[in-house]
Amino acid sequence: MSIISKFFKGSLLLSIAGVLVRLSGILVLIALARLLGSTQLGIYALVFQLVQSVTMFGRFGVDIALHRNGAKLYQTDAIATGRLLGVGSTLMALSFMLLTASVWVWRVPLAEHWLSNKEASQWFNYGALIIFTEGICIVVLTGLLSLHDFKSHSLATTTAALGRLLLSPVLAWRYSLPGDFIGFFLASLMQLGVAAVNFYYALKRHHIHLNWQNFWQESEEIARFGLPYYAGNVLIG
């Protein structure tokens with residue numbers, strides 16, 4: 001397959017998956033608007049926005065560096081690719097773990113000063129859990145894109161979209177707002193499972209073994225490339 005054909009095929013798969021994710025989000029929101037009261041729907045919207053913002057913030061530009069450098073290396077230098085993915089994945093995973101812990105530790109102040117309802121701190125427990133699973137999903141999905149495995153990436157994101165579409169409304173109907181958050185979490189786990197299995201086979205197919213040699217030097221190179229994009233896009237946004 002030529003580079004141009006591969007580019008268009010990958011773009012098409014990612015576009016279809018993106019449309020399905022957005023469409024499922026709209027349908028889920030319509031269902032939740034009917035199942036939840038205005039107060040619970042508002043809490044869901046705020047927690048969902050928190051999850052989205054934190055998962056964008058927690059990448060620190062590492063994903064950009066992995067996309068660019070991984071695409072250049074994965075077919076020619078398996079050792080360098082393994083080091084890039086090993087170090088980059090570790091940096092992002094540590095970032096999401098730190099942010100997850102921060103949301104959980106500060107759940108009471110968030111509820112008290114943001115929602116003006118100290119009892120709402122329980123919802124940020126769900127938020128922290130979802131941030132962790134979504135963050136680890138991002139780590140694995142970034143690896144798939146770095147190896148140009150667009151099909152597996154699209155399959156994983158579509159799985160999450162369909163999982164949310166099926167699970168969140170049903171569990172919200174049965175258990176109200178906690179059920180919705182549980183559905184979100186289970187859909188993230190489904191996505192993580194599909195992405196992790198495909199990432200494992202992608203690494204095996206390209207004879208790539210994750211390694212952490214020259215960890216600090218590799219981290220510096222990743223930061224040098226990724227942080228300017230991160231500062232110019234994520235932080236300003």
Are [X] and [Y] in one and the same hydrophobic cluster, where Ile, Leu, Val, Met, Phe, Trp and Tyr link if side-chain heavy atoms are under 4.5 Å apart?
{"X": "Ile208", "Y": "Ile79", "result": "no"}
{"X": "Leu41", "Y": "Val170", "result": "no"}
{"X": "Val105", "Y": "Leu99", "result": "no"}
{"X": "Leu166", "Y": "Leu29", "result": "no"}
{"X": "Leu46", "Y": "Val54", "result": "yes"}

By the side-chain hydrogen bond (donor to acceptor under 3.5 Å, both in side chains) test, which pairs, at least two apart or in different chains, include something from [range]?
{"range": "residues 26-44", "value": "Gln40-Ser176, Tyr44-Arg164"}
{"range": "residues 126-146", "value": "Glu134-Ser188"}
{"range": "residues 92-101", "value": "none"}

Minimal non-hydrogen separation, [X] against [Y], with atom names:
{"X": "Leu73", "Y": "Ala80", "result": "CD1-CB, 4.1 Å"}
{"X": "Leu85", "Y": "Gly143", "result": "CD2-CA, 4.2 Å"}
{"X": "Ala187", "Y": "Gly163", "result": "CB-C, 3.8 Å"}
{"X": "Ala202", "Y": "Leu144", "result": "CB-CD2, 4.5 Å"}
{"X": "Ala223", "Y": "Pro228", "result": "O-CD, 3.8 Å"}

So [Y] and [X], do their side chains get closer than 4.5 Å, heavy atoms only?
{"X": "Pro178", "Y": "Phe181", "answer": "no"}
{"X": "Trp123", "Y": "Arg107", "answer": "no"}
{"X": "Asp149", "Y": "His153", "answer": "no"}
{"X": "Leu66", "Y": "Ile222", "answer": "yes"}
{"X": "Leu141", "Y": "Thr157", "answer": "yes"}
{"X": "Phe60", "Y": "Met92", "answer": "no"}
{"X": "Leu50", "Y": "Phe124", "answer": "yes"}
{"X": "Leu203", "Y": "Thr81", "answer": "no"}

From [X] [atom1] over to [Y] [atom2], what is the distance, rounded to the nearest 0.5 angstrom?
{"X": "Trp104", "Y": "Ser121", "atom1": "CH2", "atom2": "OG", "answer": "10.5 Å"}
{"X": "Ser219", "Y": "Trp212", "atom1": "OG", "atom2": "CH2", "answer": "12.5 Å"}
{"X": "Leu167", "Y": "Asp180", "atom1": "CG", "atom2": "CG", "answer": "10.5 Å"}
{"X": "Tyr229", "Y": "Ile64", "atom1": "OH", "atom2": "CD1", "answer": "8.0 Å"}
{"X": "Leu189", "Y": "Ile136", "atom1": "CG", "atom2": "CD1", "answer": "11.5 Å"}
{"X": "Leu84", "Y": "Asp77", "atom1": "CG", "atom2": "CG", "answer": "10.5 Å"}

**OP:** Given side-chain contact (heavy atoms from CB on, under 4.5 Å), test Tyr230 with Phe57 step by step and report yes or no.
**Re:** CA-CA 9 Å; Tyr230 174 79; Phe57 180 75; 3.1 Å; yes

Original post:
Any donor-acceptor pair under 3.5 Å linking the side chain of Asn198 with the backbone of Val194?
Top reply: yes

Original post:
Side chain of Ser89, backbone of Gly86: donor and acceptor closer than 3.5 Å?
Top reply: no

**OP:** Verify side-chain contact (heavy atoms from CB on, under 4.5 Å) between Leu171 and Leu186, making sure each step is shown before the conclusion.
**Re:** CA-CA 11 Å; Leu171 293 176; Leu186 292 176; 4.2 Å; yes

Answer yes or no: are there more than 12 heavy-atom neighbours, outside [X] itself, under 6.0 Å from its atom [atom1]?
{"X": "Arg174", "atom1": "CZ", "result": "no"}
{"X": "Phe132", "atom1": "CZ", "result": "no"}
{"X": "Leu98", "atom1": "CG", "result": "yes"}
{"X": "Phe215", "atom1": "CZ", "result": "yes"}

**OP:** Would you check if there is a donor-acceptor pair between the side chains of Asn214 and Arg83 at a distance under 3.5 Å?
**Re:** no

